[in-house]
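Below: one structure, written as structure tokens.
We count residues from 1, following the sequence as given.
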Amino acid sequence: MDSVDRSAVTPNKSKSRLARTFAKVLHIRAVTGIAPDDGIQKINSPENVKSNLVKNKSHLQPFDDEDEKLCSRAATEAFVAKLFASVSSVKAAYAQLQYAQSPYDPDGIQTADEMVVSELKNVSELKQCYLKKQIDESSPETTQILAEIQEQKSLLKTYEIMGKKLDSQLKLKDSELTFLREKLEEANKENKLLEKRLNSSGQLSSALDNVHLSSLSPSHFITFVRQTIKSIRSFVRLLISEMESAEWDLDAAASSIEPGVAFWKNSHKCYAFESFVCREMFDGFNQPDYSISKESLPEQKKRRRVFFEGFRELKSVKPMDYLAWKPKSAFAKFCRAKYLTLIHPKMETSLFGNLDQRNLANAGEYPETTFFAAFAEMAKRIWLLHCLALSFKPEASIFQVNKRSRFSEVYMESVSEEAFLSSDGSPESEPRVAFTVFPGFRIGKTAVQCQVYLC
């Protein structure tokens with residue numbers, strides 16, 4: 001059996017060796033130029049062999065150049081990826097340094113500072129490698145992938161730090177918002193207290209709640225006059241604001257109200273609008289009632305009591321609520337008539353683009369607008385002053401001074417001080433009245449000064 005097996009295997013091995021030998025011979029022939037020719041071997045000269053080798057090398061050269069370019073490109077891309085990764089690491093370290101500064105963290109600042117320095121050294125090393133053309137060409141694909149991973153980690157760290165910083169800023173804003181809300185609540189409380197002191201249901205209630213008709217004095221009237229002036233000025237500010245929004249020429253409007261007046265300051269032109277409102281609103285002030293004729297009025301004592309009770313009834317009620325409660329009352333008729341007189345149709349159209357408020361007033365209704373509410377509050381103060389004036393014995397009367405009248409401290413109060421000084425700064429001897437801003441009143445022997453603008 002053994003001899004049979006060896007004899008069977010030997011021919012196969014011999015054939016394999018023969019094939020390998022034959023292949024080597026063919027390869028040598030191809031390189032050296034030895035080729036058969038009609039059964040006779042033809043050997044090339046050494047020059048031919050050298051020429052064949054050069055030709056073979058020239059055929060392989062383009063492939064070697066292309067491989068070298070690809071390797072160089074891959075190495076460059078890997079280098080750029082490492083550079084971007086290093087820059088991202090610097091940004092992350094710097095972000096960490098900024099975050100550690102607020103709130104102040106000395107350990108965090110030191111650690112972040114070391115990281116920044118380390119990453120800057122890496123960037124400097126990459127710069128030197130690039131300048132010296134010492135770019136590492138081993139495993140560029142692996143280097144590029146690792147660099148991109150490092151860049152993404154640095155970006156993620158930067159975003160995490162930014163998120164922490166935004167969270168801290170949000171907490172700071174929340175604390176500031178809480179503080180401002182507390183201040184707003186305090187301011188609102190103070191405003192309510194001031195409003196309670198200044199509005200008709202506040203100071204008037206405290207000043208006149210316990211006052212009876214028999215104990216009524218001029219001091220009560222003077223207090224109410226001051227509050228009425230404030231209400232008129234508040235409405236005038238709103239009116240001027242609406243006119244400015246409608247692009248009115250306020251200079252021309254002031255000149256048409258008080259022609260020929262040279263105002264000391266541009267802001268003083270508001271006094272012209274106040275005088276206009278006062279003239280319209282106080283017209284007929286000494287008449288007992290706009291809806292009752294004198295013949296039908298009760299006797300004087302009863303009439304005084306009627307007006308005083310009317311004053312007490314209205315003073316503690318909001319004007320819009322009172323108009324809804326008693327739409328046909330004397331105050332409602334006064335309010336409607338004065339609005340239609342004061343606000344001309346052309347003015348209302350210019351200010352609001354329509355005549356809706358006027359149409360409602362003509363129809364016996366009352367617009368629920370901010371402008372009309374402010375007007376109603378002013379009208380309420382003037383109507384209450386009217387009722388209070390007719391509650392005195394003798395009745396309080398209204399007066400104003402003529403233009404160019406000499407200024408008198410007994411009957412007048414100047415709304416500006418500029419008129420008391422001449423152009424060179426010396427006191428002016430005889431300032432003159434340009435126009436009356438707010439009228440004055442007489443209650444028996446007591447005079448309530450009118451407010452005037454001096455020229």
Side-chain angles (χ1 to χ4, degrees), residues 195-196 198-213 216 220-221 223-225 227-228 230-232 234-235 238 277-278 280-343 348 355-392 395-396 398:
E195 183 179 0
K196 187 176 181 180
L198 295 177
N199 64 16
S200 59
S201 60
Q203 182 168 349
L204 291 177
S205 296
S206 61
L208 299 172
D209 272 347
N210 299 323
V211 175
H212 299 284
L213 183 61
L216 195 62
H220 298 130
F221 188 83
T223 300
F224 195 54
V225 166
Q227 298 304 317
T228 304
K230 291 180 180 179
S231 179
I232 291 174
S234 177
F235 174 76
L238 177 62
V277 171
C278 288
E280 297 297 334
M281 297 299 294
F282 282 98
D283 184 32
F285 180 82
N286 286 123
Q287 295 178 8
D289 198 321
Y290 290 91
S291 59
I292 304 175
S293 62
K294 291 185 178 181
E295 291 75 11
S296 63
L297 287 173
E299 59 188 53
Q300 186 178 13
K301 186 174 181 180
K302 289 183 179 180
R303 185 177 67 185
R304 289 173 54 214
R305 183 178 294 107
V306 167
F307 284 114
F308 188 72
E309 291 302 322
F311 171 84
R312 291 172 62 89
E313 178 184 73
L314 177 59
K315 70 181 177 62
S316 58
V317 183
K318 293 182 179 180
M320 296 302 294
D321 294 340
Y322 192 88
L323 292 174
W325 176 35
K326 292 187 175 182
K328 294 183 180 180
S329 63
F331 168 65
K333 293 178 181 179
F334 168 79
C335 191
R336 181 169 56 252
K338 289 301 181 181
Y339 178 82
L340 296 175
T341 302
L342 180 65
I343 309 300
E348 184 171 333
L355 294 174
D356 293 348
Q357 298 184 73
R358 189 177 191 83
N359 293 335
L360 287 173
N362 278 323
E365 300 179 11
Y366 302 97
E368 296 181 358
T369 63
T370 303
F371 183 80
F372 189 85
F375 170 82
E377 180 64 32
M378 176 188 67
K380 170 190 168 182
R381 300 294 182 92
I382 295 174
W383 177 256
L384 289 176
L385 193 65
H386 162 74
C387 292
L388 195 60
L390 296 180
S391 300
F392 281 90
E395 298 174 353
I398 190 172

side-chain contact (heavy atoms from CB on, under 4.5 Å) for Ile232 and Ile382? Distances and angles first, verdict last.
CA-CA 9 Å; Ile232 291 174; Ile382 295 174; 4.1 Å; yes
Angle class for the Phe331/Tyr322 ring planes (parallel below 30°, perpendicular above 60°, tilted otherwise)?
perpendicular
Please find the pair of heavy atoms, one from Leu390 and one from Glu395, that lie closest to each other, and give the distance.
CD2-OE1, 3.4 Å
Can you check whether Cys387's main-chain N or O pairs, donor with acceptor, with Ser391's side chain at less than 3.5 Å?
yes
Over all heavy atoms of both residues, which pair between Pro319 and Ala376 is shortest? Give the atoms and the distance, please.
CB-O, 3.7 Å
For Val317, is there any backbone N or O sitting under 3.5 Å from a side-chain donor or acceptor partner on Lys380?
yes
Determine the minimum heavy-atom distance between Ala361 and Leu340, stating which atoms define it.
CB-CD2, 4.1 Å
Taking Asn362's backbone N and O only, do any of them form a donor-acceptor pair with Arg336's side chain (distance below 3.5 Å, no angle check)?
no
So how far is it from Phe285 CZ to Trp383 CH2, rounded to the nearest 0.5 Å?
10.0 Å
CG of Leu342 to CE of Met281: how many Å apart, nearest 0.5 Å?
6.5 Å
Would you call Glu377 and Arg381 a salt bridge, taking side-chain N to carboxylate O under 4.0 Å as the test?
yes
For the atom pair CZ (Phe221) and CG (Leu385), what is the distance rounded to the nearest 0.5 Å?
4.0 Å
Spell out, as yes or no, whether a donor-acceptor pair under 3.5 Å connects the side chain of Lys338 to the backbone of Glu280.
yes
Report yes or no: does Gln357 contribute a side-chain atom to a donor-acceptor pair with the main-chain N or O of Glu348 at less than 3.5 Å?
no
Side-chain donor/acceptor of Tyr366 to backbone N/O of Phe372, under 3.5 Å
no
